[in-house]
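These notes are about the structure you will find just below.
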Amino acid sequence: MTFIQNNFKELLKKIDDIASLYNRNSKNIKLIAVSKNKSVSDIMEIASLGQKSFGENYVQEGIKKIKYIKYFYPNLEWHFIGPLQSNKSRLVAEYFSWCQTIDRIHIAHRLNDQRPTGLLPLNVLIQVNISKEDKKSGIITDNVFKIAKQVISLPKLRLRGLMAIPKLENDYTKQVNEYQKMVIIFNKLKKEFVNIDTLSLGMSNDMQAAIVTGSTMLRIGTKIFGIRNNYKNV
Ligand SMILES: *Cc1c(COP(=O)(O)O)cnc(C)c1O
């Protein structure tokens, strides 16, 4: 087994352990392997062990990998998790199954118009700027319902829930507190709309807090692939 495969196996076990400790079924916690800056061969190392879902942050880099890997693993599910500029929305609509970073209704409309008719609706999450950081993408919590109402009406998008990237915080209790704010909004959203089943929270350094509070989707990069270089190793 390689370094990455070993990390991956250990991660699955860790998720299972934390889940059972907190009376959660790990089947309800989906793992997205975040492969930004990582090579196609790195990705295929865990695709060969059965990992299906991958997250990419940069449109061009992601599409290069999707097109290549498709011939080896045609059934992978690709999540766009980076900030999306409107001039790149068409590529996301055409190549990805999920876009987790909806933070403007304008982008949602573009993705809806650009989603090819032959494909299933694009699954989308509204990104919430939970820590109210100035430079972070995402909308403030007060606007979640306003944007959700509009996204729900778009036929080629399927609103599945919420995503957040909290401020970097190493204190466990503070991580939990921040994520609990998301759970409250998520539960309200579930009451109001159908198909809401996804709360995308948790990265390598706060995975436990995310599982404990109720995340249904983890986005993990470093703990699987190791630390990232700045250059793109496609
Ligand atoms: C990079 C990234 C991750 C993964 O972060 P790690 O700390 O490497 O696990 C998760 N979500 C988003 C949106 C990211 O950009």
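Each ligand, and each atom within it, is numbered from 1 in the order the structure gives.
For N205, the heavy-atom gap to ligand 1 stays at 4.0 angstrom or more. Heavy atoms of K223 stay at 4.0 angstrom or farther from ligand 1. Within the structure, ligand 1 lacks Q100 among the residues with a heavy atom less than 4.0 angstrom away.
The main-chain N or O of A210 is never found under 3.5 Å from a side-chain atom of S215 such that the two would form a donor-acceptor pair. Counting only distance, with no hydrogens or angles, the side chain of D206 and the backbone of M203 share a donor-acceptor pair below 3.5 Å. Checked by atom type and distance alone, the side chain of T101 never pairs as donor or acceptor with a backbone atom of P83 at under 3.5 Å. Between the E56 side chain and the W78 main chain, no donor and acceptor come within less than 3.5 Å of each other. No donor-acceptor pair closer than 3.5 Å links the side chain of S53 to the backbone N or O of I32. Side-chain N or O atoms of R115 include one that pairs as donor or acceptor with a backbone N or O of A93 at under 3.5 Å.
In this structure, the protein non-hydrogen atom closest to atom 10 (C) of ligand 1 is M203 SD, 3.2 Å. Of all protein heavy atoms, the one lying nearest to atom 11 (N) of ligand 1 is R219 NE, 2.9 Å. The protein heavy atom nearest to atom 1 (C) of ligand 1 is K36 NZ, 1.4 Å. The closest protein non-hydrogen atom to atom 9 (O) of ligand 1 is S204 OG, 2.6 Å.
A salt bridge between E77 and K30 is present, with a side-chain N of the basic residue lying under 4.0 Å from a carboxylate O of the acidic one. A salt bridge links E61 and K65; the closest N-O separation between the charged side-chain nitrogens and carboxylate oxygens is under 4.0 Å.
Contact atoms of ligand 1 toward G221: 4 (C), 6 (P), 8 (O), 9 (O) (distance under 4.0 Å to a heavy atom of the residue). Ligand 1 places these atoms under 4.0 Å from at least one heavy atom of T222: 6 (P), 7 (O), 8 (O), 9 (O). Set against the non-hydrogen atoms of N57, the atoms of ligand 1 under 4.0 Å away are 14 (C), 15 (O). Set against the non-hydrogen atoms of I220, the atoms of ligand 1 under 4.0 Å away are 9 (O). Listed by number with element, the atoms of ligand 1 under 4.0 Å from a non-hydrogen atom of I165 are 13 (C).
The only member of E178, K167, E169 that meets side chain to side chain donor-acceptor pair (under 3.5 Å) when paired with S131 is E178.
Of the options I81, I224, L201, T101, the smallest heavy-atom separation from atom 12 (C) of ligand 1 is shown by I81.
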